[in-house]
K.L.:
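One structure coming up, written as structure tokens, with questions to follow.
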Amino acid sequence: MNMVECRDVKKIYRQGKMEVQALRGVTLSIEKGAFMALAGPSGSGKTTLLNIIGGLDAADSGTVVVDGDTLAGMGQGDLADMRLRKVGFVFQSYNLIPVLSARENVEFIMLLQGVSPRERRDRALSILEEVGLSGLHDRRPAELSGGQQQRVAVARAIVSGPSIVLADEPTANLDSRTGSDLLDMMKKMNEEKKVTFIFSTHDRMVMDYARRLVLIRDGQVDGDHPRE
Amino acid sequence: MILEFAWRNIWRNRRRTAIILTAVVIGVWSMIFLGALMRGIADQMVRNGIATLTGHIQVHQKGFQADPSIENRIREPGGIRRVLEETLPAKSLWTARVRVPAVAANARHSAGITLVGIDPPVEKDLSFIGQAVRSGRYLEREDPRGILVGEALLHQFETRIGHRLVLMSQDTAGEIASRSFTIVGVYRGEMESTEKAYAFVTREAAREMLKMDGAVSEFAVLLPEEEEAGPVAAGIRNGLSPDSYEVLTWREMLPLVSAVLALYDQFIFLWYVVVFIAMGFGLVNTVLMAVYERMREFGLLKALGMRPLRIVGDVLLEAFFILGIGVLAGNVLGILSTLALKTRGIDLSAFAAGSEFAGLGRVIYPTLELRDILLANGVVFVLGLVVSLYPALRAARFTPVEALART
């Protein structure tokens with residue numbers, strides 16, 4: 001079974017009297033364990049697609065199924081629960097919670113899931129070690145470099161074993177060296193933990209790392225290339 | 001961790017939190033302190049009223065309240081004595097007095113006063129006069145010619161201790177009786193008007209002068225607890241013929257004081273509401289600002305899978321902390337400043353004429369009442385959380401996509 005199933009997904013944004021067709025009928029299947037990039041120019045609709053898969057935004061028509069859950073018709077609370085259990089997010093601008101330390105940022109998801117304090121702590125520390133941040137777990141985001149912050153974000157996204165991790169331009173704010181280190185780390189997580197990664201990007205390097213490259217243009221799939 | 005999260009969040013913008021805390025602290029402080037002051041004023045009015053020969057309960061011949069003259073005397077006080085002895089709770093004090101309107105005169109002046117005939121040793125513990133003598137001496141049990149007058153009357157009459165004062169009043173036969181007394185002591189009342197109104201002689205002297213035999217004008221009762229006045233009065237009423245006697249509580253004898261007391265309750269509550277409204281706007285504004293500043297973060301929390309209701313709870317928790325600290329500090333400050341003034345009081349003697357007009361004494365002692373403190377805290381806490389609900393709901397309504405799109 002596929003992890004994500006999109007069928008004829010359409011989305012229109014209205015800005016005043018202007019209508020912007022962000023997605024014009026996207027049909028896409030993403031297999032379990034994928035390490036995949038959605039690429040395309042700005043405004044192509046790749047972020048919109050990512051948001052819809054993550055349940056942050058709703059499609060106007062078409063169906064989206066994530067790990068067996070059909071998203072259409074789910075309420076705000078149910079979508080929140082779905083995201084909490086099945087989806088990890090990594091954002092372009094890291095988006096860590098500034099008042100919490102690296103460890104607490106990672107723990108936060110587990111806190112919402114109701115994991116016991118002891119287990120939270122142990123799992124957070126071990127995942128931070130895996131992403132290469134051992135010893136930095138007590139630092140607040142402001143005391144970490146961009147690359148380190150993004151590693152915390154990845155740790156937060158994968159710590160509770162989600163079905164998919166959605167990463168929106170994860171390397172856009174990083175220099176190429178830090179970016180490739182981060183991608184190496186995520187690839188390792190993908191291979192070792194079998195976590196499905198979906199990136200949206202226009203970074204050549206991310207496309208090179210991906211095992212599958214889906215090109216999006218003008219709200220439609222414009223090419224689907226398996227790599228390697 | 002949720003608690004810690006909220007706690008850290010309120011200290012992100014220290015200056016803003018400090019400002020709103022100051023507002024809450026000052027608000028709560030003023031609620032408690034000014035509430036205590038008002039309560040003190042009200043209490044003082046009651047105490048003055050009760051101490052100024054009213055007591056908690058009085059028994060009169062029917063009609064005395066409306067026309068306190070010698071015609072409305074209690075001719076056979078024995079029955080009332082028995083009823084009082086049977087019905088009054090332990091530690092109650094009571095006395096029988098003669099009280100008639102009279103004219104006091106010396107060589108230069110004359111004035112209308114109230115002549116009060118008391119039982120000196122009993123009266124000492126029962127009304128203000130026992131503690132009020134400032135110069136000379138108090139009345140003795142056998143003191144047929146001694147009279148106590150107020151300081152203001154003494155000045156008005158340009159006389160002094162040892163000099164004579166002639167009292168004139170109507171006796172039981174309807175004739176004008178007069179008797180000459182010697183000023184043995186001068187008292188000070190809480191109010192100047194008291195000092196000018198009452199002159200005290202022994203009950204026996206008054207009876208002799210007015211040919212009253214065993215009769216008295218009033219029975220006054222002082223109870224250990226003011227709250228018992230109603231039920232005890234009802235008990236006394238049961239034992240007496242309603243056609244012959246009237247039994248009144250202080251609330252009935254001092255209707256103005258009772259009314260003002262009720263008014264003060266409203267004042268205090270209104271004051272709380274006014275303070276809260278000022279504070280509430282500040283609070284909403286601050287929390288709203290904090291919420292909008294962190295819009296992106298709330299979007300993130302939602303994206304991570306935090307349910308909207310938990311976000312509401314989170315914002316309320318932050319408001320709860322701010323309110324908690326503010327209320328706590330406000331209480332401490334309010335209680336301390338009240339206690340500091342409680343022992344010495346606020347001396348208003350410079351404004352004696354004005355404060356007297358309001359039925360106040362010369363010194364106001366603020367009074368802390370638990371129910372006022374609880375009310376103040378309740379108003380701030382409950383309404384504070386209620387108004388914080390608005391920004392909290394706003395925070396929960398941010399959609400993740402829009403919130404995260406903001407930079």
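Since this is a predicted model, take the numbers as computed values, not measurements. First the proteins, then the strands, lettered A, B, ... as listed; each starts at 1.
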K.L.:
Determine whether more than 12 heavy atoms belonging to other residues, nucleotides or ligands lie under 6.0 Å from atom CZ of B/Phe321.
P.N.:
yes
K.L.:
May I ask you to check whether over 12 heavy atoms, not counting those of A/Arg7, lie within 6.0 Å of atom CZ?
P.N.:
no
K.L.:
Could you state the interatomic distance from CE (B/Met306) to CG (A/Leu111), rounded to the nearest 0.5 Å?
P.N.:
8.0 Å
K.L.:
Under 4.5 Å heavy-atom distance to chain B, tell me which part of A/Leu112 shows up: side chain, backbone, both or neither.
P.N.:
both
K.L.:
Assess whether atom CZ of B/Arg371 is packed by more than 12 heavy atoms of other residues, nucleotides or ligands within 6.0 Å.
P.N.:
yes
K.L.:
Would you say that A/Phe108 contacts B/Leu301 through its side chain, given a criterion of any heavy-atom pair below 4.5 Å between the two side chains?
P.N.:
yes
K.L.:
Counting neighbours of CZ on B/Phe281 that are heavy atoms of other residues, nucleotides or ligands and sit closer than 6.0 Å, is the number greater than 12?
P.N.:
no
K.L.:
Name the region of B/Leu304, side chain, backbone, both or neither, that has any atom closer than 4.5 Å to a heavy atom of chain A.
P.N.:
both
K.L.:
Would you indicate whether the side-chain heavy atoms of B/Arg307 and A/Asp78 approach each other to under 4.5 Å?
P.N.:
yes
K.L.:
For A/Arg120, which atoms come within 4.5 Å of any heavy atom of chain B: side chain, backbone, both, or neither?
P.N.:
side chain
K.L.:
With a 4.5 angstrom heavy-atom cut-off, could you sort out which part of B/Arg12 is near chain A: side chain, backbone, both or neither?
P.N.:
side chain
K.L.:
Any heavy-atom pair between the side chains of B/Phe5 and A/Ile97 that's under 4.5 Å?
P.N.:
yes
K.L.:
Is there a donor-acceptor pair under 3.5 Å between the side chain of A/Arg83 and the backbone N or O of B/Lys302?
P.N.:
yes
K.L.:
Heavy-atom distance under 4.5 Å to chain B: side chain of A/Asn95, backbone, both or neither?
P.N.:
both
K.L.:
Identify which part of A/Phe91 has an atom lying under 4.5 Å from any heavy atom of chain B, answering side chain, backbone, both or neither.
P.N.:
side chain
K.L.:
Using a cut-off of under 4.5 Å on heavy-atom pairs, state which of A/Asp57, A/Val87, A/Thr48, A/Leu79 scores highest against chain B.
P.N.:
A/Asp57
K.L.:
Examine whether an atom of B/Arg310 lies under 4.5 Å from a heavy atom of chain A, and if so say whether it belongs to the side chain, the backbone or both; otherwise answer neither.
P.N.:
side chain
K.L.:
Using a 6.0 Å cut-off, check whether atom CD of B/Glu293 has over 12 heavy atoms from anything other than its own residue.
P.N.:
yes
K.L.:
Taking every heavy-atom pair that is under 4.5 Å apart, which of B/Ala303, B/Pro400, B/Gly299 has the most such pairs with chain A?
P.N.:
B/Ala303
K.L.:
Please check if atom CD in A/Gln15 has more than 12 non-hydrogen atoms from other residues, nucleotides or ligands closer than 6.0 Å.
P.N.:
no
K.L.:
Contact part of A/Glu104 toward chain B, heavy-atom cut-off under 4.5 Å: side chain, backbone, both or neither?
P.N.:
both
K.L.:
In Å and rounded to the nearest 0.5 Å, what is the CZ to CZ distance from B/Arg8 to A/Arg140?
P.N.:
4.5 Å
K.L.:
Above 12 or not: heavy atoms from other molecules or residues under 6.0 Å from CZ of B/Phe269?
P.N.:
no
K.L.:
Using a 4.5 angstrom heavy-atom cutoff, name the option from A/Gly88, A/Pro98, A/Gly55, A/Ala157 with the most pairs to chain B.
P.N.:
A/Pro98
K.L.:
Flag yes if more than 12 heavy atoms outside A/Arg217 fall under 6.0 Å of its CZ atom; otherwise flag no.
P.N.:
no
K.L.:
Considering only heavy atoms, which portion of A/Ser101 lies under 4.5 Å from any heavy atom of chain B: side chain, backbone, both, or neither?
P.N.:
backbone
